[in-house]
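Take a look at the structure set out below.
For clarity, every value in this text was computed on a predicted model and none was experimentally measured.
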Amino acid sequence: FCVWYTKKHDPGREIITSAEVLKARKKAKRTGEKRAAKAMRKGSRDDIPNFSTKRFDKLEGEMLESLRDADQLEVLWDLMDCNDNQRVSLAEVDKFVVERYPLLNHKPALMRA
């Protein structure tokens, strides 16, 4: 209806319909995919560097070992619970991770966990 009305009352006006917008988006996506594939063939570099998981694997082993020992868990809890209220806030967890496990210091992941 809007297209018909615009053509009737303002025939010189350029009309861009949602169908044309969708076609343009699909075309841009296809050309973007082609560019990405071409860049991959050229061996382009991405912004995320390759890294080794050896440090993560080592830390995971240490943490799993701590989880098996009830006394060690109690020590870790006491380290996290700074104000001794037997509750741990996000700020306390964040502080604990930053100090004890700097490799795991990633705020968005901590907030979701």
Is there a path of hydrophobic side-chain contacts, each under 4.5 Å between heavy atoms of I, L, V, M, F, W or Y residues, that connects [X] with [Y]?
X	Y	result
Y101	F56	yes
F96	M63	yes
V88	V75	yes
V97	W77	yes
L64	L103	no

Check whether Q72 reaches the backbone of D69 with its side chain - one donor and one acceptor, N or O, closer than 3.5 Å. no
Contact between [X] and [Y] at the side-chain level, heavy atoms closer than 4.5 Å - yes or no?
X	Y	result
M111	P108	no
E99	L79	no
L104	V98	no
E62	L67	no

Give, for atom CD of E92 and atom CG of D94, the distance between the pair rounded to the nearest 0.5 Å. 11.0 Å
May I ask you to decide whether R87 forms a salt bridge with D81, counting only side-chain N to carboxylate O separations under 4.0 Å? no
Nearest heavy-atom approach of C82 to K95 is SG-NZ, 3.9 Å
Step-by-step side chain to side chain contact (heavy atoms under 4.5 Å, CB included) determination, R68 to L73: CA-CA 8 Å; R68 291 187 193 107; L73 279 176; over 6 Å; no
Is it the case that over 12 heavy atoms from other parts of the model lie below 6.0 angstrom from the NZ atom of K58? no
